[in-house]
Protein chains: 2
Amino acid sequence: MKLSTRGRYGLKAMFDLAMNYGEGPISLTSIAERQYISVNYLEQLISPLRKANLVKSVRGAQGGYMLAKPPSEITVGAILTTLEGPLAPTDCVVEYGEDELCDHSRYCVTKVIYEKIYESITSVVNSITLQHMLDDYESNRPADVVDAICVCK
Amino acid sequence: MKLSTRGRYGLKAMFDLAMNYGEGPISLTSIAERQYISVNYLEQLISPLRKANLVKSVRGAQGGYMLAKPPSEITVGAILTTLEGPLAPTDCVVEYGEDELCDHSRYCVTKVIYEKIYESITSVVNSITLQHMLDDYESNRPADVVDAICVCK
DNA sequence: TTAATCCCTAGTCATTTACTAAGAAATCAT
DNA sequence: ATGATTTCTTAGTAAATGACTAGGGATTAA
């Protein structure tokens with residue numbers, strides 16, 4: 001039940017972009033340095049975020065990335081689900097249609113539980129935006145703390 | 001963010017035991033047959049459940065397993081955490097003391113989010129007992145449905 | 001005494017994770 | 001125009017994890 005580095009690094013990168021919102025394109029190299037992430041790996045994470053229309057890119061020298069919308073319009077849920085897939089504890093709560101995994105799923109007592117877990121996770125992450133994170137960063141930290149995000153992987 | 005088969009199979013097995021609560025020891029072989037799980041694998045899952053005092057065993061012929069407490073006193077959370085470890089999206093919300101992962105964790109804006117996810121998951125699974133599942137099974141299924149749990153893995 | 005059962009450990013195969021590497025395409029600055 | 005800088009894409013890989021299988025010892029009812 002752990003998030004992978006994809007989601008965690010992606011969220012860090014998006015928060016970094018949020019802190020630099022409105023300041024033109026930010027290069028992946030600079031994000032990678034600030035957040036201690038490999039550039040090559042970060043490139044693989046930013047790609048789906050761009051396709052999901054959460055960031056936009058400017059190519060060429062002095063290019064980079066910026067948020068595609070204001071921080072208040074980008075939820076943590078949108079970021080995490082683009083990088084991790086649905087935040088569901090099982091496939092059965094999420095896969096519909098063609099190849100339904102299980103005949104009895106309509107009356108499955110465990111599926112009910114997994115759906116509740118799914119809903120509670122979704123509800124949390126969809127209610128938090130990058131703007132909330134920025135506000136949280138400004139209000140909660142002591143004056144002498146400059147780092148906004150753990151260095152941890 | 002998926003549960004592994006350990007948690008899912010373990011929950012199925014525990015629900016099976018709950019359905020047979022008060023009827024003496026139930027053999028792993030019979031549980032495995034009903035729930036379509038390999039006996040060898042199930043043995044590896046029941047072992048930690050026994051050590052966590054959620055089931056007790058009777059050895060020898062005609063032996064088997066039974067719930068160590070009434071279904072109303074066994075939560076889904078206890079079962080899942082025994083088999084999966086803490087239902088946390090990251091290690092950083094759960095590891096304390098000796099080797100703290102990160103210096104800045106006290107003011108980490110992403111850690112706050114992971115803690116909220118952790119709390120919401122914990123709150124859901126700790127509020128559901130095996131008795132709730134039994135009640136759900138009895139009340140919600142149509143008369144012609146006999147299976148309580150998906151066959152799905 | 002035998003069959004059934006719990007109990008424990010080791011091994012294995014496939015998948016996933018977390019990257020590294022490398023090169024093509026675009027664009028700015030000179 | 002050229003070179004430096006940057007995005008973009010794909011392929012490969014080493015380590016870890018997941019999901020088992022296999023086998024044998026210990027215990028007990030019949």
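- As rounded to whole Å, 18 Å separates atom C1' of D:dC20 from atom CD of B:Gln35.
- Considering only residues two or more places apart in sequence or on other chains, B:Ser4 meets the side-chain hydrogen bond (donor to acceptor under 3.5 Å, both in side chains) condition with B:Glu84.
- An OP1 or OP2 oxygen of C:dT17 is reached within less than 4.0 angstrom by no side-chain nitrogen or oxygen of A:Arg8.
- B:Ser38 meets the side chain to side chain contact (heavy atoms under 4.5 Å, CB included) test with B:Asn40, B:Tyr41; sequence neighbours excluded.
- Rounded to the nearest 0.5 Å, atoms OG1 (B:Thr75) and CG (B:Leu130) are 8.0 Å apart.
- Residue pairs satisfying the salt bridge (charged side-chain N to carboxylate O under 4.0 Å, His left out) criterion with at least one member in residues 36-46 of chain B, sequence neighbours excluded, are absent.
- Distance, B:Ile46 CD1 to C:dC8 P: 13 Å, rounded to whole Å.
- The distance from atom CG of A:Leu42 to atom P of D:dT6 is 14 Å, rounded to the nearest whole Å.
- With sequence neighbours excluded, no residue forms a side-chain hydrogen bond (donor to acceptor under 3.5 Å, both in side chains) with B:Asn126.
- The CG-P distance, from B:Leu83 to D:dC20, rounds to 14 Å in whole Å.
- Residue A:Arg6 places none of its side-chain N or O atoms closer than 4.0 Å to OP1 or OP2 of C:dA18.
- For the side-chain hydrogen bond (donor to acceptor under 3.5 Å, both in side chains) test, residues two or more places apart in sequence or in another chain that qualify with A:Thr129 are A:His132.
- Near DNA chain C, meaning a heavy atom under 4.0 Å from it, residues 55-63 of chain A has A:Arg59, A:Gly60, A:Ala61, A:Gln62 in order of number.
- For the pair A:Glu84 CD and C:dT16 P, the interatomic distance rounds to 14 Å; values are reported in whole Å.
- Among residues at least two apart or in separate chains, there is no salt bridge (charged side-chain N to carboxylate O under 4.0 Å, His left out) pair with a member in residues 118-130 of chain B.
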Show me the side-chain donor-acceptor pairs of residues 50-73 of chain B shorter than 3.5 Å, one per line, residues at least two apart or across chains.
unit_1  : atom_1 : unit_2  : atom_2 : d
B:Lys51 : NZ     : B:Ser47 : OG     : 3.4

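- Following rounding to the nearest Å, B:Leu49 (CG) and C:dC7 (P) show an atom-to-atom distance of 12 Å.
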Taking N or O atoms only and anything under 3.5 Å, show me the protein contacts with nucleotides 21-24 of chain D, one pair per line.
unit_1 : atom_1 : unit_2  : atom_2 : d
D:dT21 : OP2    : B:Ser38 : OG     : 2.8
D:dT21 : O4     : B:Gln44 : NE2    : 2.3
D:dA22 : N7     : B:Asn40 : ND2    : 3.4

Sequence neighbours excluded and cut-off under 3.5 Å, please list the side-chain donor-acceptor pairs for residues 15-34 of chain A, or say none.
unit_1  : atom_1 : unit_2  : atom_2 : d
A:Asp16 : OD1    : A:Asn20 : ND2    : 3.2
A:Asp16 : OD1    : A:Arg34 : NE     : 3.3
A:Asp16 : OD1    : A:Arg34 : NH2    : 2.8
A:Asp16 : OD2    : A:Arg34 : NE     : 2.8
A:Asp16 : OD2    : A:Gln35 : NE2    : 2.8
A:Asn20 : ND2    : A:Asp16 : O      : 2.8
A:Ser27 : OG     : A:Ser30 : N      : 3.2
A:Ser30 : OG     : A:Ser27 : O      : 2.8
A:Ser30 : OG     : A:Arg34 : NH2    : 3.4

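- Here the side chain of A:Lys2 pairs a donor or acceptor atom with the backbone of B:Ala88 at under 3.5 angstrom.
- In this structure, B:Leu45 atom CG and C:dT9 atom P are separated by 16 Å, rounded to whole Å.
- B:Asp135 pairs by the side-chain hydrogen bond (donor to acceptor under 3.5 Å, both in side chains) definition with B:Gln131, not counting sequence neighbours.
- For the pair B:Tyr65 OH and C:dA4 P, the computed distance is 17 Å after rounding to whole Å.
- Here B:Thr5 reaches the OP1 or OP2 of D:dA19: one of its side-chain N or O atoms lies under 4.0 Å away.
- OP1 or OP2 of D:dC20 has at least one side-chain nitrogen or oxygen of B:Tyr9 nearer than 4.0 Å.
- A heavy atom lying under 4.0 Å from DNA chain C marks none of the residues of residues 24-33 of chain A.
- Residue-environment remark: NZ (A:Lys116) stays at or below the threshold of 12 foreign heavy atoms within 6.0 Å.
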